Amino acid sequence: MPAITPEIVAEHGLSPAEYERVLAIMGREPNITELGIFSVMWSEHCSYKSSKKWLKTLPTTAPWVICGPGENAGVVDIGDGQAAIFKMESHNHPSFIEPYQGAATGVGGILRDVFTMGARPVANLNALRFGAPEHAKTRHLVAGVVAGIGGYGNCVGVPTVGGEVEFHPSYNGNILVNAMTIGIADTDNIFYSEASGVGNPVVYVGSKTGRDGIHGATMASAEFSEDSEEKRPTVQVGDPFTEKLLIEACLELMATDAIVAIQDMGAAGLTSSSFEMASKGGLGVEIDLDAVPVRETGMTPYEIMLSESQERMLMVLEPGKEHIAKAVFDKWELDFSIIGRLTDTGRMVLTMGGATVADLPIDPLAQAAPEYDRPWTPGEKLPEVAAADVPERPWGEALLTLIGGPQGSSRRWVWEQYDHMVMGDTVGRPGGDAALVRIHGTKKGLAATSDVTPRYVAADAHQGGRQAVAEAWRNLTAVGATPLAITDNMNFGNPERPAIMGQFVEAIKGMGEACIALDFPVVSGNVSLYNETNGEAILPTPTIGAIGLMPDVEQSVGIGFAAPDQALVLIGAEGSWLGQSWYLAQVAGRAEGAPPPVDLAAERRNGDFVRGLIRAGQVSACHDVSDGGLLVAVAEMAMASGIGADVSVAGPHLHAALFGEDQARYVVATADAEAVLAAAAKAGVAARRLGATGGDALAVNGADEISVAALKKAHESWFPAYMA
Amino acid sequence: MKAKVHVTLKQGVLDPQGKAVQHALAALGFTGVGDVRQGKFIELDIAEADPAKAKAQVEEMCRKLLANTVIENYAIDLEG
Amino acid sequence: MKAKVHVTLKQGVLDPQGKAVQHALAALGFTGVGDVRQGKFIELDIAEADPAKAKAQVEEMCRKLLANTVIENYAIDLEG
Amino acid sequence: MKAAVIVFPGSNCDRDVAVALKRVTGHAPRMIWHRDTALPALDLIVVPGGFSYGDYLRSGAMAAHSPIMAAVTAQAAKGVRVLGICNGFQILTEAGLLPGVLMRNQGLSFICRDVLLKVETSASDFTAGYNAGQVVRIPVAHGDGNYFAEPAVLDRLEDEDRVAFRYCDEGGAPLEAANPNGSRRNIAGILNETRTVLGMMPHPERLADPLLGGTDGAPMFRALAAALS
Ligand SMILES: Nc1ncnc2c1ncn2[C@@H]1O[C@H](COP(=O)(O)OP(=O)(O)O)[C@@H](O)[C@H]1O
Ligand SMILES: [Mg+2]
């Protein structure tokens with residue numbers, strides 16, 4: 001066994017101070033297996049050492065929250081004895097190194113987080129961020145990531161119903177692949193990871209263990225350098241077929257009462273799963289490594305414990321129920337092995353070939369996991385951009401630039417590679433504000449979306465954090481759903497730099513404020529730091545995944561105009577804010593200024609009003625106003641339906657009115673504008689008649705028409721042409 | 001000239017396809033089938049007539065496109 | 001014994017993957033690449049030690065499972 | 001109508017087709033595990049979509065050798081109706097119940113979207129609910145849907161009126177632009193010689209509920225129930 005040198009300690013990502021703590025806990029020098037276990041348990045990925053202090057400040061409770069952060073996924077009550085279980089997780093680094101497998105195993109991992117709690121996965125989403133389109137690697141990464149997400153999700157038979165795709169040069173060397181899964185379980189049959197019952201058998205199921213991804217967890221927490229492509233052999237290969245069998249087998253076993261606790265083997269595989277289960281239960285665990293099903297010969301204890309082979313789960317069973325579990329896993333032709341038992345020693349003891357190969361205390365290790373209060377500096381406030389200082393271009397030309405460019409073009413090329421209809425409940429397909437999936441066998445539905453506007457967060461992390469949460473809430477509202485809760489995926493640069501840490505802290509503050517104002521708690525999440533290449537950080541990207549409940553899916557509306565001759569009503573203020581807008585960046589060539597402020601009271605008021613209209617059947621189409629502003633929103637409604645519209649805007653600056661990205665706004669189509677306006681006046685909601693649907697062209701103030709066909713052509717062309 | 005390229009998974013990399021084939025062969029009643037690994041076999045017609053140059057060219061194709069060198073190895077045979 | 005099986009598309013069967021590779025190679029700037037055909041390469045460990053019997057066994061595996069003889073040919077090499 | 005849906009490891013449209021059958025015909029099919037070797041007396045067997053055995057090696061190849069397939073083949077020989085959808089179509093060709101093979105999509109990507117189909121024949125229990133020449137909208141979701149067979153086989157399929165569906169444009173023309181996957185002669189679904197086995201890549205079960213965006217798939221299940229009850 002190699003001696004533990006300072007180099008080996010450093011290679012394991014432990015600082016000298018952290019290693020001192022290891023020595024104190026062990027009371028002796030650790031062996032390499034033990035060091036490996038410390039290293040992964042104390043990695044940023046597993047310990048949240050830089051972020052914990054701030055994550056704790058997020059609101060996590062509400063009457064409908066059954067389980068907040070801390071378990072494999074968050075759980076919310078959706079009535080009738082059912083719960084929605086969901087989480088988002090990043091697979092950024094692996095996807096940059098091997099896009100197909102990295103993205104595929106990201107989907108596999110998040111699916112396991114959800115079905116490990118007893119939920120049948122019913123929907124996947126994916127939030128993707130790539131470098132500049134013209135960067136040499138981008139196309140290859142887009143192709144691989146999209147194929148990988150589809151390859152995995154399509155095969156397991158869970159519909160991929162939504163997501164985001166953005167391009168920005170800050171992601172050139174650090175793409176973001178954030179995957180989200182939503183599942184549904186019965187509230188009286190939810191499974192947790194807390195082990196209990198001294199002597200209870202610890203059981204390994206799923207695929208065999210190979211030498212995959214050893215040190216993936218520490219790699220995911222290390223900053224990239226140019227030579228990181230050398231780290232390739234740690235890439236894991238996903239096997240969605242086995243995952244599908246694992247889902248079915250676990251759910252089948254969960255219908256019996258054989259399981260005490262269950263935990264998927266994610267980052268740091270067997271180490272973190274066994275460690276966390278025992279730690280939560282205040283127990284010890286003994287594992288016989290000879291009983292672990294392995295794929296290769298000669299695997300060392302270190303390799304077995306740190307392997308990140310996919311499609312594996314760890315369970316604690318009721319004593320005497322082993323045969324029931326074994327029969328289920330035999331039926332599904334998966335490995336099943338009793339590898340150990342729970343003890344009352346509070347220690348993790350590993351044996352192999354009859355000898356003890358590791359012996360460490362669980363609670364002290366968990367308690368002593370480093371937690372840092374990293375220094376941070378607030379971001380500089382950027383000046384507001386005055387609309388009068390931004391040149392006006394003809395609106396038609398500007399609109400075509402926005403909807404036909406890399407940021408604003410249709411993502412159809414992406415989502416048509418995902419099976420978004422399997423399971424037979426996709427009522428709202430990709431392309432709208434939120435996807436809508438019917439809860440099987442009922443008339444209820446779950447709405448789902450993923451949102452963040454990284455350029456806003458970069459310009460003002462506090463407002464950007466608020467905006468990300470507000471936009472997710474708005475997207476759920478726009479289909480008619482009641483927003484329930486969010487999961488977040490905090491993608492940032494190196495937290496050891498005070499400016500980056502400042503982005504993190506301020507974004508969390510903003511998110512927390514929005515969560516409170518909108519009754520929208522955080523129930524699960526994930527942190528991905530060190531997203532930097534050669535000292536260049538990504539735009540701060542706190543991705544918000546959110547779900548909402550639709551009591552009756554038949555009441556929901558889409559973004560497409562349902563008919564001609566409907567009145568269009570703008571809910572919310574007139575457009576005015578061009579700072580950080582698409583228009584300013586893409587038409588005027590200036591990515592600058594303060595982002596639009598988020599008035600949370602207006603968000604709440606306007607959103608509740610719109611949801612009420614939808615539920616009352618008073619609107620036939622609805623779309624929130626976000627990237628690109630009002631005219632982009634109306635154009636998207638026209639393109640989704642093939643029906644044109646005429647809108648009228650006034651004011652000193654046409655471009656600010658049409659393309660300003662002011663928040664808390666929606667466009668609704670209605671047969672009865674008077675009723676909508678009267679209701680708005682009563683509710684204290686700003687609203688005005690915007691125009692009407694009809695014809696086959698889009699017009700502003702009755703002039704300068706662009707045909708919907710021409711809009712569609714521009715909108716649908718960019719992505720396929722880029723990828724061809 | 002004809003180039004024949006074998007692209008195979010690196011040692012230690014999981015091969016779900018091979019695993020499934022092995023399983024299916026057993027289910028079909030074939031006994032004694034151990035490890036199964038599935039790779040790709042690519043045949044290319046190339047204009048380059050000089051063997052050394054041809055080899056170098058195909059090597060580059062493998063590195064850039066035909067093989068995923070993160071998880072795959074490749075081997076090249078030239079003919080004719 | 002190790003059996004190496006090449007499964008290739010029959011002449012006349014259009015090969016979408018080969019076509020795509022050919023296209024991608026051209027896009028990458030490789031000139032003079034003619035026809036590209038992509039097949040499968042399957043390696044199996046088999047217990048049977050008698051070459052004739054082994055061959056017959058693998059032949060049967062190919063016919064039954066490894067190749068679809070409507071569109072594919074197969075070739076078997078035994079080693080060791 | 002007594003119907004059954006075969007469930008292979010990796011099937012994932014088994015529940016969807018069972019729900020659609022029940023919804024449209026009122027008959028809930030039985031679910032049969034692939035390792036069973038016997039089938040009860042049936043009128044209709046559905047081989048559903050999904051990724052049986054991960055679609056590793058070739059789509060449908062391993063499922064075609066599953067224990068249950070001998071029973072399916074035997075029942076098919078007796079005239080029990082067999083409907084293979086998507087992966088089910090791939091399995092039926094691999095099992096020799098239908099000619100040809102489904103190759104990788106010409107564009108190499110998985111495609112999930114609604115497509116237009118021209119119903120080429122109403123002369124079968126599967127298609128009797130449509131008019132020949134009618135254009136219907138049904139989704140596809142596959143990576144290997146590129147139908148291939150030798151020209152002589154294709155000619156025979158056409159001569160015997162055994163092409164059930166073709167990819168087409170709004171006017172019913174089987175244009176190349178309307179072909180999502182490169183299938184020979186835009187073929188999306190075919191019948192066997194006795195017109196009792198249908199394989200098709202599109203998923204009729206996915207549009208048999210107005211809330212999901214359409215009902216053009218429903219007439220197939222309705223017609224089967226009418227013929228087989
Ligand atoms: N990676 C993806 N996977 C699936 N759907 C996607 C993806 N990217 C975008 N979409 C879908 O495209 C539509 C437009 O996306 P986006 O512009 O981000 O919406 P919004 O502005 O409403 O947040 C949405 O319905 C979204 O779900
Ligand atoms: Mg929106």
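Treat the numbers as computed from the prediction; the structure is a model and nothing was measured. Note on naming: letters A, B, ... go to the chains in the order of the sequence lines (proteins, then strands), and numbering restarts at 1 for each one.
Among the residues in residues 54-61 of chain C, those with a non-hydrogen atom closer than 4.5 angstrom to a non-hydrogen atom of chain B are Q57(C), E60(C), M61(C). For residues 19-28 of chain C, heavy-atom neighbours of chain B at less than 4.5 Å comprise V21(C), A24(C), L25(C), L28(C), sorted by residue number.
Looking at heavy atoms from C-beta onward, H6(C) lies in side-chain contact with H6(B) at the 4.5 angstrom threshold. Here the side chains of K40(C) and K40(B) are not in contact, with every heavy-atom distance at 4.5 Å or above.
Rounding to the nearest 0.5 Å places CZ of F30(B) at 10.0 Å from CG of L44(C).
Each of T8(C), V36(C), D35(C) was scored for a side chain to side chain contact (heavy atoms under 4.5 Å, CB included) with E43(B), with one residue passing: T8(C).
More than 12 heavy-atom neighbours from other residues, nucleotides or ligands sit within 6.0 angstrom of NZ on K10(C).
Contact count against chain C (heavy-atom pairs under 4.5 Å) is highest for V33(B) among V33(B), L66(B), V5(B), T31(B).
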